[in-house]
Student: 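Just passing along the structure, written as structure tokens.
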Amino acid sequence: MNVVLLGPPGAGKGTQAARIVEKYGVPHISTGDIFRANIKAGTELGKRAQEYMNRGELVPDELVVEIATDRLAADDCKEGFLLDGFPRTVFQAEKLDEFLASKGRKIEHVLNIEVGRDDLMARLTGRRVCKSCGASFHVVNIPPKQEGICDNCGAELVQRADDNEETASNRIEVYNRETKPLIDYYEKAGNIVNIDGGKAAEDVFAAIADRLGE
Ligand code: AMP
């Protein structure tokens, strides 16, 4: 099961990814998570990625394609994978297809989660993530039991550096310019389905499970 989650920042890709992984047992590959882990660890890759991420810009294609295809070459991806936040440009999608074709594989499902701009801004700027375990909350929609504290592990909740108003708005613009053309790309390939991401998380997941099957 080779799946791509597509959709603007704040569409709920991370939330749905967690549910998909739980039900289908595929590895979750988030290029954003890989970059954040590298920033935390202070690696050279992290330093290079951070300057783009802080502005809400895309990290250059060559860098992203390399880390994504390296990850996909790992043993645990042999039976399938869930890509979240990759590809984000037509160039990346072409390189991904080339990489998979060289292994006799292809993308089977592209799940395009659609949410309107106002909702996206509210979700991004209200999002709080756990510093320690990465769990995601929202000041209004998914408040933690105790303000500023993670329900799962008790660590501090913080705002992602790129979830402030200005950077979030730029990320949505970058999505419209660079990533939206992928909808056309995958429509031509005939493997994309649009999912209404404005509904409650469990309803969104029901639509996804409908597509992916039992
Ligand atoms: P995300 O966690 O998916 O929202 O990604 C956070 C940030 O990481 C993005 O705003 C980009 O700066 C960078 N990033 C993640 N994935 C990619 C990608 N496929 N191409 C370029 N930049 C990316």
Side-chain angles (χ1 to χ4, degrees), residues 2-18 20-21 27-41 43-72 77 81-100 107 110-113 115 117 119-131 133-138 158-183 185-186 197:
N2 306 333
V3 182
V4 167
L5 264 181
L6 198 63
K13 297 192 294 297
T15 304
Q16 295 304 325
I20 294 169
V21 166
H28 174 207
I29 302 174
S30 154
T31 40
D33 282 352
I34 295 174
F35 289 135
R36 279 184 291 276
N38 274 274
I39 291 172
K40 211 169 165 186
T43 68
E44 204 44 49
L45 171 67
K47 281 180 198 140
R48 286 180 67 187
Q50 189 167 28
E51 50 179 306
Y52 298 96
M53 292 171 76
N54 283 350
R55 294 196 302 264
E57 300 291 335
L58 294 186
V59 174
D61 279 338
E62 307 74 45
L63 212 60
V64 186
V65 168
E66 196 184 321
I67 61 149
T69 51
D70 272 2
R71 178 66 188 86
L72 286 168
C77 295
F81 51 77
L82 174 67
L83 281 169
D84 162 10
F86 179 87
R88 259 179 160 98
T89 63
V90 171
F91 179 86
Q92 292 177 18
E94 286 169 349
K95 291 290 164 198
L96 172 63
D97 281 350
E98 280 170 27
F99 171 82
L100 292 174
I107 295 295
V110 179
L111 308 169
N112 179 37
I113 307 184
V115 176
R117 190 182 184 284
D119 272 355
L120 292 176
M121 281 302 290
R123 289 183 186 192
L124 289 169
T125 55
R127 171 161 64 184
R128 298 293 181 270
V129 293
C130 175
K131 246 177 144 171
C133 74
S136 193
F137 297 85
H138 188 278
V158 293
Q159 186 174 44
R160 251 171 67 168
D162 56 353
D163 276 346
N164 65 75
E165 186 116 7
E166 193 187 337
T167 312
S169 167
N170 192 37
R171 285 163 64 207
I172 295 171
E173 262 177 53
V174 168
Y175 167 82
N176 286 330
R177 196 174 60 234
E178 309 274 354
T179 309
K180 229 177 169 180
L182 282 181
I183 296 174
Y185 179 89
Y186 286 120

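Remember, it's 1-based here, ligands and their atoms both numbered in the order they're listed.
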Student: Taking the six-membered ring of Tyr52 as reference, does the NZ or CZ atom of Arg55 fall below 6.0 Å from its centre and within a 45° cone about the axis?
Tutor: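 Yes, Arg55 lies over the aromatic ring of Tyr52.
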Student: Do NZ/NE/NH1/NH2 and the carboxylate oxygens of Asp163 and Arg171 come within less than 4.0 Å?
Tutor: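 Here Asp163 pairs with Arg171 in a salt bridge, since their nearest N and O are under 4.0 Å apart.
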Student: Tell me whether Glu166 at atom CD has more than 12 heavy atoms from other residues, nucleotides or ligands lying less than 6.0 Å away.
Tutor: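 No, the 6.0 Å shell around CD holds no more than 12 heavy atoms from other groups.
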Student: Mind checking what residues have non-hydrogen atoms under 4.0 angstrom from ligand 1?
Tutor: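 Contacts of ligand 1 under 4.0 Å: Thr31, Gly32, Phe35, Arg36, Met53, Glu57, Leu58, Val59, Val64, Gly85, Phe86, Arg88, Gln92, Arg160, Asp162, Arg171.
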Student: Run the side chain to side chain donor-acceptor pair (under 3.5 Å) check on Ser30 and Arg71 step by step: do they pass?
Tutor: CA-CA 10 Å; Ser30 154; Arg71 178 66 188 86; over 6 Å; no
Student: Kindly indicate, with the supporting measurements, whether the criterion side chain to side chain contact (heavy atoms under 4.5 Å, CB included) is fulfilled by Val4 and Leu182.
Tutor: CA-CA 11 Å; Val4 167; Leu182 282 181; over 6 Å; no
Student: Write down the atom of Phe35, the atom of Ala49, and the distance for their closest heavy-atom approach.
Tutor: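 That would be CD2-CB, 3.6 Å.
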